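Atoms within each ligand, like the ligands themselves, are counted from 1 in listed order. This one's a predicted model, so the numbers in the text were calculated from it and none came from an experiment. All residue numbers refer to positions in the sequence shown, counting from 1.
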Amino acid sequence: MNCRSLFVHFSPACKIEVPERLTVSHGALVRNGLTDRCICLPVREAVDAEILLVHSEEYLEAVKQTPHMTLEDLKEFTLQYGDVYFHPNIYHCAKLAVGSALQLVDSVLMGKVKNGMALVRPPGHHSMRSAANGFCVFNNVAIAAQYAKQKYGVKRILIVDWDIHHGQGVQYCFEDDPSVLYFSWHRYEHQKFWPNLKDSDYDIVGKGEGAGFNINVPWNKVGMENSDYLSVFCHLLLPIAYEFCPDLVLVCAGFDSAIGDPEGEMCATPDIFAHLTYLLMNLAEGKLCAVLEGGYNLTSLAQSVCQTVQTLLGDPLPPLTNLTGPCRSTLESLQCVRAAHRQHWSCLRHAGTISTKRIKLSGEGNKDEAEVGEEQKSPEEKIWPEPPKRICPPVCSAVVLPDGVVCPDIIILFQIRNGLALVGDAAMTMTCVVQYVAAEVDSRYELIKNFPFPSQGCTDTSGFAQAMFSLLLPLGYQYNPSLVLLVRMPGSGVCDIMWQQLTGLLQSFAHGHTLVLLQEDDKACVGPTASILLGNPAPPLGQLPASLKEDAEAVERLRSRLQADWNLLLTTGESTK
Ligand SMILES: NCCCNCCCCCC(=O)CS
Ligand SMILES: [Zn+2]
């Protein structure tokens, strides 16, 4: 008897939001030995009450009917929404996605884990109170934020949405809520890109009490690179995030903003997510929950997920190379967003007060004029180097006491990751180390000394934070040192928690090879510094007040003078020359 088998082949309605996204990402985590170093949290379905934290009863009731619908009914059902596909099993999957995010929030807020990532499908950030949209059914991250506020009394939550689409669902949910700061960058192309909303533009800053707590950064060109992403973090997100001082950071971790993605058509490489993650881990004492959103190039998605998880595990960051500086379109967006938010955030108050004029940007060519060859390639044809192995030296930190000898090469030669030394004369030792490093180990070193501040006495924390983000970070990234020498000069006036934040942030460079020199009578600083070098999060600075005018202007003048040579310092498309 010839058995006839009937293959009913569902031609996938959606070609990019496919199951392989999770299997390939998880497979890469396993292959890189990362799942062995994580604890795998159990998933659960969200219950109605949790879904109703964001969605309406009528919407939930409607979605509840979908498992019993025929294919025809399902198609009919989706017509009322935009760009979303329903399957008889999607209600179950959507409840698991929400439940997973909530399990992660529970584990982080109960202190069972430091941080974590939820690899979920379907994504959530486009879904709205009474509507599915853009592959999203329930808004996983928005529900997680409301859940954290309701169950744990969390006061301030920062949501960073680095997915290439605007999470309008999250924006609408919190636009009048000052306890949730929502930051999103997204491909916009002057409203020509999906979801084509005027609400996604830079001038939508939140409403009523929530004014200032919604930040939209529109990408009006494709092909954005690592420099563009870093400059938005350094000159916009981080200063505001530190002023906001969140108790919890949630990330709408979409990786369609990575190179090769058919939706994003950007050129940022997977290792950028190691840095974006790390920069956010210095907030909220490291309490960070990343929840997967988009990401449709299976190669860059898997690499980006591994880069993110490896950073959450505390591994050294891969140095970012050839940062050419932001392109003109980025600078225009950056200037517009900073201007729109200047009245809401004191860190931006003195921004751009220095008179400026136009200069040609080095990074300009890569977006505006098509480069031969590269530009013609479709996203899928793009190629990029595999992210480098991020080796973890056997020893994390060393402490050299007064009778010991400071030998920086043990740090550079990867025997240990970082170290601190208590020395008789910090200034003199610094000179010796610099000469030693320059002579012995032909490495580039970055000499970090406290920036000259006009304000007397204890350096103003806000002013120092300004200098960290708008000067030190961009310079450090562009300089790309192989060793960071951090010297605490006697009478520097930098208060301990700012010192700890600085020590933490500087590990973004040089594979985390930081050598800290402390004056031996500065014993009180050894513990706090060693704690950071060992990978513990720095305590919060507290909500930052406005920086002293003279400090902010000193930083602006320094930035304006240096930016012609270091254009990651740029925040506008002009500079004094
Ligand atoms: N109607 C013209 C094309 C529309 N494309 C919609 C793509 C939705 C993508 C949603 C997504 O990636 C979530 S992160
Ligand atoms: Zn997306």
Parallel, tilted or perpendicular, judged at 30° and 60°: which one describes the rings of [X] and [Y]?
X	Y	value
Tyr242	Phe469	tilted
Tyr296	Phe135	perpendicular
Phe138	His55	tilted

Task: For Arg390, the option from Thr311, Asn32, Asp271 that meets side-chain hydrogen bond (donor to acceptor under 3.5 Å, both in side chains) - done: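 Per the side-chain hydrogen bond (donor to acceptor under 3.5 Å, both in side chains) rule, the option paired with Arg390 is Thr311, out of Thr311, Asn32, Asp271.
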Which protein N or O atoms sit under 3.5 Å from any N or O of ligand 1? Give each pair with its distance.
{"from": "ligand 1", "atom 1": "12 (O)", "to": "His165", "atom 2": "ND1", "distance (Å)": "3.2"}
{"from": "ligand 1", "atom 1": "12 (O)", "to": "Tyr296", "atom 2": "OH", "distance (Å)": "2.7"}

- [ ] List the steps and the verdict of side chain to side chain contact (heavy atoms under 4.5 Å, CB included) for Arg21 and Leu298.
- [x] CA-CA 6 Å; Arg21 295 180 58 229; Leu298 299 181; 3.9 Å; yes
TODO: Enumerate the residue pairs fulfilling ring-ring contact (aromatic ring centres under 6.0 Å, His included) with a member in residues 94-121, sequence neighbours excluded, ordered by first and then second residue.
DONE: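 Found none.
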TODO: Take the Zn ion (ligand 2) and tell me which protein N, O or S atoms are nearer than 2.8 Å.
DONE: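 Listed by chain and number: Asp163 OD1, Asp163 OD2, His165 ND1, Asp256 OD2.
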Open item on the list: Taking side-chain contact (heavy atoms from CB on, under 4.5 Å) as the definition, give me every residue that meets it alongside Arg31, ordered by chain and number, with sequence neighbours left out.
Closed with: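 Once residues adjacent in sequence are excluded, the partners of Arg31 under the side-chain contact (heavy atoms from CB on, under 4.5 Å) criterion are Ala28.
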TODO: Verify, without hydrogens or angle tests, whether Asn139 (side chain) and Ser127 (backbone) share a donor-acceptor contact under 3.5 angstrom.
DONE: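 Answer holds: yes.
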Open item on the list: Counting C-beta onward and ignoring hydrogens, is there a side-chain heavy-atom pair between Tyr182 and Asp177 closer than 4.5 Å?
Closed with: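 Contact flag for Tyr182/Asp177 side chains = no.
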